[in-house]
Asks: 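One structure is given below, represented as structure tokens, and several questions about it will come after.
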Amino acid sequence: MTLRDVASGFPSSKKPEHVLTASDVVVGGGKIHLIADAILDILKRLGGVFQRGSQLVRIAAGVVPTVRGVIRDEKALSVVPLTAHWLMSRATRAGSFWKFDARSNGYKPADAPETACKIVLQSYGSWGLPALTGITTGPTLRLPSGSVISKSGYDKETGLWADFDPKDFPAIPEKPSRLDAKHAIEILSDIIKEFPFKEESDKSAALSALITAPLRRVLPEAPLFAFDATRQGTGKTLFAEICGIVATGTLPTVVSFTGDPDEERKKLVSILVAGDSAVVLDNVQHELQGGALSAMLTGESFSDRLLGGNEIGRCATNAFWMTTGNNLSFDSDLSQRVVLVRLDALSEAPEERTFKIPDIRTYVRDHRAELLNAALTVVKAYISAGCPAQKIKPWQRFPMWSETIRAALVWIGAGDPRANAQAIAKNDAEKMQLTALLHAWRAAFTSTGTTVADAVKHSGYGDATGAAALRDVFTEIAGVPGGGFSNRKIGKFISAHEGRIESKLRFARGGEHERTRWIAEKVDLPRKNPDGFDDFDGLPLRRAETVKSTSDSSYGGNAAIPQNRQNRQESGPLCPECGEPYDPESPCGSCAAAAPGGVQ
């Protein structure tokens, strides 16, 4: 065969005249739309190509290119967007493309045109291909029905691609009982019993993580699972890895966070595009901010500019999100989206501990089928029982998670994963700042409306009531290099939290003035019902009534004062818990609270 033969596509001694058939695609001018349609038909016939948001994608094994700071298990499956060149190769191999050669007065083989391939990739809305929501490498449930995805291949109801051999996993009972669920939770508990959970509620939260991981793909939203400890070597990352192995058979994708919101958002978007199933934000050393992460936790999809271009893409957000760190803290927004698992080894050298299962990663890999079966059995048993109502407060941000996984754990007596929600609030740095500012403001100005400028001036009077506390919180919220505070930042902080209740106090505007005057006013919270629940979840039964003061003060004049306080003419500190008079040096006689300092 000569070079000329290669160029023409046929040996010079064998140049058959090709007769076009119905399956042939002729490449030529004025037919680009027909060629694009033919390429799309090839994709539909071959399968293995899906539409995901605004992209055509395929599934591939191995590490996919990504941004710095994201590490994937090399055995993990990923979702890969199609490129024009890949589509050219795929279509040319599987199709029959020809072009007319005037010199030979016949047809020669041709490649699928790149322009036509680009048209296919840009034809969003007219693909007609299966929609891919994610990949599962083991059985899972369809929610809310509870039916099992037990076969490999594409599942139309959920949009999942199931990539596993059904023979590797034991069958889940059609209608498991409550006793079956209790046995299943014992199996899960057995592998985590050597982790040093701080309290029983932390163990319940950990069990909910193990159960959520293989079900995350079918949940519309799910919380962030935070593994927190006081020092390194306690087992935070190890537990996150176990969750990933149970869910996928591989280690979870690891993301390092720098504190740069723009960089972190790019990393998160790259993870959604790649379709990672389990992700851990590892060793977070700063306050974890919500922003894009909060939107991904509570939304079923997330739109953002795709990496490497200006195209806006939409991605499913059904990844299982985890984070690890020592003494984790969250901003106010994210703290409402977290299930906290606290570990405390009560040791100065927790990394030197020995365990009955020395290599738990290998153990979990070897017993993955049994563990996955147990996780699904707990939820399926609860659904089979008719999802009996449990005495738990609703979690409106994650209703299906709360009504299935959380409720199932309570149903079988494994505790409420949200029982330690108060501990999450303590890890909310913004909440702590606001609480401190409210108490300091109340101590300094009682019910007198005060401007930010006057409050800053007051903080400079060393002996003035509340001055030191104001100075400390101002420094934390709005300190500037070289000392001093930014009045504007303080004002923006208060305005952003106007009306938010913390420790039975909130900021309210103190009447009509040229400059905004703020009052840290007391609020009566709902009384508890006999069952321990609030009458209105987080809403006050009544607003604090106010009247105009009859005398001016150096900071407010005409300040708004709570009506009941004015009538009682109380003097001395009030308990920050119940609002009754008390001695700050002793526990409150009304509620037995021992709070440092009083609230004037």
Asks: With sequence neighbours excluded, what pairs up with H183 under the ring-ring contact (aromatic ring centres under 6.0 Å, His included) test?
Replies: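 Once residues adjacent in sequence are excluded, H183 has no partner under the ring-ring contact (aromatic ring centres under 6.0 Å, His included) criterion.
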
Asks: Supply the atom-to-atom distance F355 CZ to I360 CD1, rounded to the nearest 0.5 angstrom.
Replies: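 Between F355 CZ and I360 CD1, I get 8.5 Å after rounding to 0.5 Å.
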
Asks: Could you go through F398 and R418, starting from their C-alpha distance and side-chain angles, then the distance that decides it, and tell me whether this counts as side chain to side chain contact (heavy atoms under 4.5 Å, CB included)?
Replies: CA-CA 12 Å; F398 307 104; R418 286 274 292 163; over 6 Å; no

Asks: How far apart are the closest heavy atoms of I383 and G146, and which atoms are they?
Replies: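 Residues I383 and G146, closest heavy atoms: CD1-CA, 3.9 Å.
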
Asks: Side chains of I39 and L87, heavy atoms from C-beta outward: is any pair under 4.5 Å?
Replies: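 In short, these two side chains touch, coming nearer than 4.5 Å.
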
Asks: Looking at every non-hydrogen atom in both residues, tell me the closest pair between L334 and S294 and how far apart they are.
Replies: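 Where L334 meets S294 most closely, the heavy atoms are CD1-OG, 3.6 Å.
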
Asks: Do you know which two heavy atoms are closest between A292 and R265, and how far apart they sit?
Replies: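 Heavy-atom minimum between the residues: CB-CG, 4.0 Å.
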
Asks: Under the side chain to side chain contact (heavy atoms under 4.5 Å, CB included) test against L188, which residue among T377, L207, V246 passes?
Replies: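 Among T377, L207, V246, the one meeting side chain to side chain contact (heavy atoms under 4.5 Å, CB included) with L188 is L207.
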
Asks: Any side-chain heavy atom of N326 within less than 4.5 Å of one from Q232?
Replies: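 Result yes, sub-4.5 Å side-chain heavy-atom pair found.
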
Asks: Between F320 and F225, how do the two ring planes meet: parallel, tilted or perpendicular, split at 30° and 60°?
Replies: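 Correct class here is tilted.
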
Asks: Which is it for Q55 and V79 under the side chain to side chain contact (heavy atoms under 4.5 Å, CB included) test, yes or no, and what are the steps along the way?
Replies: CA-CA 11 Å; Q55 294 181 307; V79 176; over 6 Å; no

Asks: Are side-chain heavy atoms of L343 and D228 found at a separation under 4.5 Å?
Replies: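 Contact flag for L343/D228 side chains = no.
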
Asks: For the pair K118 and E114, find out whether any cationic side-chain nitrogen is under 4.0 Å from an anionic carboxylate oxygen.
Replies: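 Salt bridge: yes.
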
Asks: In the structure I gave you, are the side-chain heavy atoms of L272 and L268 within less than 4.5 Å of one another anywhere?
Replies: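 Sidechains of L268 and L272: no contact.
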
Asks: With the threshold set at 4.0 Å, does a side-chain nitrogen-carboxylate oxygen contact exist between D333 and R337?
Replies: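 Looking at D333 and R337, the cut-off is met.
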
Asks: Can you tell me how the ring of F227 sits relative to the ring of F239, calling it parallel under 30°, perpendicular over 60° and tilted otherwise?
Replies: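 Answer is tilted, since the angle falls between 30° and 60°.
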
Asks: Find out whether I211 and L409 are in side-chain contact, i.e. whether some heavy atom of one side chain is under 4.5 Å from a heavy atom of the other.
Replies: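 Yes. Closest side-chain heavy atoms under 4.5 Å.
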
Asks: Can you tell me if NZ on K44 sees more than 12 non-hydrogen neighbours from other groups inside 6.0 Å?
Replies: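 Atom NZ in K44 is crowded, with more than 12 foreign heavy atoms closer than 6.0 Å.
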
Asks: Listed by chain and number, what are the ring-ring contact (aromatic ring centres under 6.0 Å, His included) partners of W321, not counting sequence neighbours?
Replies: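 Residues passing ring-ring contact (aromatic ring centres under 6.0 Å, His included) with W321: none at all.
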
Asks: Indicate the ring-plane relationship of W127 and Y124, choosing parallel, tilted or perpendicular according to the 30° and 60° boundaries.
Replies: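 Perpendicular: the ring planes of W127 and Y124 meet at over 60°.
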
Asks: Taking the basic N atoms (NZ, or NE/NH1/NH2) and the acidic carboxylate oxygens, is any pair closer than 4.0 Å for R406 and D416?
Replies: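 Salt bridge present between R406 and D416.
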
